[in-house]
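Keep in mind the model is a prediction, meaning the values are calculated, not measured.
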Amino acid sequence: MKLAIYGAGGLGRETLQLAQQIHASNYCWEEICFIDDINSNRQVKKYPVLKLDSITPDEFEIVIAVGEPSLRDSLLQKVLERNFTLATLVHPQAKISDDVFVGVGSIIFHGVFISCDSVIGQNVLLQPNASIGHDCFIGKNSVVSSFANFAGNVKVGERVFIGMNAVIREHTDIGDDSVISMGAAVFSDITSAVIVVGNPARIVRHNESKRVFK
């Protein structure tokens, strides 16, 4: 089987490094390439950049390497409609309890810690050194940035973005499509489709576009 990294930008290059580290410890793929439906026919890090329609499900599995939760969602649907298998990438040095469920298509970088009885949904991105406490749930297509820290029993909806160094209090729920800005300290439940900042975190506006990066 071959691996296609869907996204040839900065996160795509980081995902390539992760795949190489996984491959070095446990041979996984005959070949690796990038997928970019706009800027193909080039190379990134000496690896070819192709279009999705130029590869087939019997040859390639795909991992989605974009940091925008709404785009992770739309690309996931595109990949599944074409019957591709999702690759799940977990760094060999991530610390994950044996009873944690990790959904297919998720990317878990080095230094991530996930405590007992937590659930990581489909196509979730956990960036380096994120810490997830016991009994947490992270909904599909969500992104947790580096050094974010969840206490126990945190529930995160779908397509949520958690910024760097954000901290989430125990027994806190965060609704779909919300953005927790970097460094925010969340002490109470956050409704869906809002942007919060500060310590303590406060809502500054609704996330009408349901996007993080403009």
SG/Cys136 to CD/Glu170 distance, rounded to the nearest 0.5 angstrom? 10.0 Å

What distance do Gln21 atom CD and Leu16 atom CG have between them, rounded to the nearest 0.5 Å? 9.5 Å

Lys78 atom NZ, over 12 foreign heavy atoms within 6.0 Å: yes

Linking I/L/V/M/F/W/Y whenever their side-chain heavy atoms sit closer than 4.5 Å, directly or via other members, would Val102 and Val154 fall into one cluster? yes

Check whether any side-chain heavy atom of Val167 sits under 4.5 Å from a side-chain heavy atom of Asn199, and report yes or no. no

Beyond-backbone contact of Phe60 with Ile35, side-chain heavy atoms, under 4.5 angstrom: no

Looking only at heavy atoms, the pair that brings Val160 and Pro69 closest together is O-CG, 3.8 Å

Can you name the closest pair of heavy atoms from Ile180 and Val196 and give their distance? CD1-CG2, 3.2 Å

Count I, L, V, M, F, W, Y as connected when their side-chain heavy atoms are under 4.5 Å apart, and connections chain through other members. Are Phe213 and Val194 then in the same cluster? no

Look at the side chain of Ser145 and the backbone N and O of Asn165, then say whether any donor-acceptor pair between them is shorter than 3.5 Å. no

Tell me whether Val144 is reachable from Val156 by hopping between hydrophobic residues (I, L, V, M, F, W, Y) whose side-chain heavy atoms are closer than 4.5 Å. yes

Can you tell me which residue among Leu11, Ile108, Ile162 is in a side chain to side chain contact (heavy atoms under 4.5 Å, CB included) with Gln127? Leu11

So the side chain to side chain donor-acceptor pair (under 3.5 Å) pairs with at least one residue in residues 173-197 (sequence neighbours excluded) are Arg159-Asp177

Is the closest side-chain heavy-atom distance between Leu3 and Val63 below 4.5 Å? yes

Note, Asp36 side chain near Arg42 side chain (heavy atom, < 4.5 Å): yes

I'd like to know if the side chain of Asp37 reaches the main chain of Leu52, judged simply by a donor and an acceptor atom lying under 3.5 Å from each other, with no hydrogens or angles considered. yes

Asp99 side chain to Asp117 main-chain N or O, any donor-acceptor pair under 3.5 Å? yes

Does the side chain to side chain contact (heavy atoms under 4.5 Å, CB included) test come out yes or no for Phe147 and Met164, once each step is laid out? CA-CA 6 Å; Phe147 300 104; Met164 293 182 295; 5.8 Å; no

Calculate, to the nearest 0.5 Å, the distance between atoms CD1 and NZ belonging to Ile32 and Lys46 respectively. 15.0 Å

Verdict with supporting geometry, Val49 and Asn39, side chain to side chain contact (heavy atoms under 4.5 Å, CB included): CA-CA 8 Å; Val49 181; Asn39 299 306; 6.0 Å; no

Could you tell me whether the side chain of Ser115 and the main chain of Ser97 form a donor-acceptor pair under 3.5 Å? no

Return the minimal non-hydrogen interatomic distance between Val212 and Phe161, and the atom names on each side. CG2-CB, 3.4 Å

Could you walk me through whether Ile114 and Leu126 pass the side chain to side chain contact (heavy atoms under 4.5 Å, CB included) test, one step at a time? CA-CA 10 Å; Ile114 309 176; Leu126 301 181; 3.7 Å; yes

In plain terms, say whether Asp53 and Arg82 are close enough for a salt bridge, that is, a side-chain N and a carboxylate O under 4.0 Å apart. yes

Kindly write out the residues that satisfy salt bridge (charged side-chain N to carboxylate O under 4.0 Å, His left out) with Glu31, not counting sequence neighbours, or none if the list is empty. Lys2

Take a 6.0 Å sphere around CD of Gln77 and say whether it holds more than 12 heavy atoms from other residues, nucleotides or ligands. yes

Measure across Gly139 and Val124 and return the closest heavy-atom pair with its distance rounded to 0.1 Å. O-CG2, 3.3 Å

On a heavy-atom basis, the closest approach of Ile138 and Ile132 is CD1-CD1, 3.9 Å

Within the 4.5 Å heavy-atom criterion, are Phe109 and Thr15 side-chain neighbours or not? yes

Can you measure from CZ (Arg205) to CG (Asn207) and round to the nearest 0.5 angstrom? 8.0 Å

Looking at His206, I want to see if its NE2 is surrounded by more than 12 non-hydrogen atoms of other residues, nucleotides or ligands under 6.0 Å. no

Check: Ser146 side chain, Pro128 main-chain N or O, donor-acceptor pair, under 3.5 Å: yes

Side-chain heavy atoms nearer than 4.5 Å, only ILVMFWY residues, links allowed to pass through others: does that put Phe150 and Ile190 together? yes

Could you tell me if the side chain of Phe84 sits less than 4.5 Å from the side chain of Pro57, heavy atoms only? yes

Interatomic distance, NZ@Lys95 vs CZ@Phe113, rounded to 0.5 Å, equals 10.5 Å

Run the numbers on Val112 and His91 for side chain to side chain contact (heavy atoms under 4.5 Å, CB included), then give the verdict. CA-CA 9 Å; Val112 168; His91 193 280; over 6 Å; no

When you compare the side chain of Ile22 with that of Cys28, does any pair of heavy atoms fall below 4.5 Å? yes

Under a single-linkage definition using a 4.5 Å side-chain heavy-atom cutoff for Ile, Leu, Val, Met, Phe, Trp and Tyr, are Ile62 and Trp29 assigned to the same hydrophobic cluster? no

On a heavy-atom basis, which atom in Arg211 and which in Val179 lie closest, and how many Å separate them? O-CG2, 4.4 Å

If you round to the nearest 0.5 Å, how far is CG of Leu125 from CG of Leu89? 10.5 Å

Determine yes or no for a side-chain-to-main-chain donor-acceptor pair under 3.5 angstrom, with Arg72 supplying the side chain and Val66 the backbone. yes

Other residues, nucleotides, ligands: >12 heavy atoms within 6.0 Å of Glu59 CD: yes

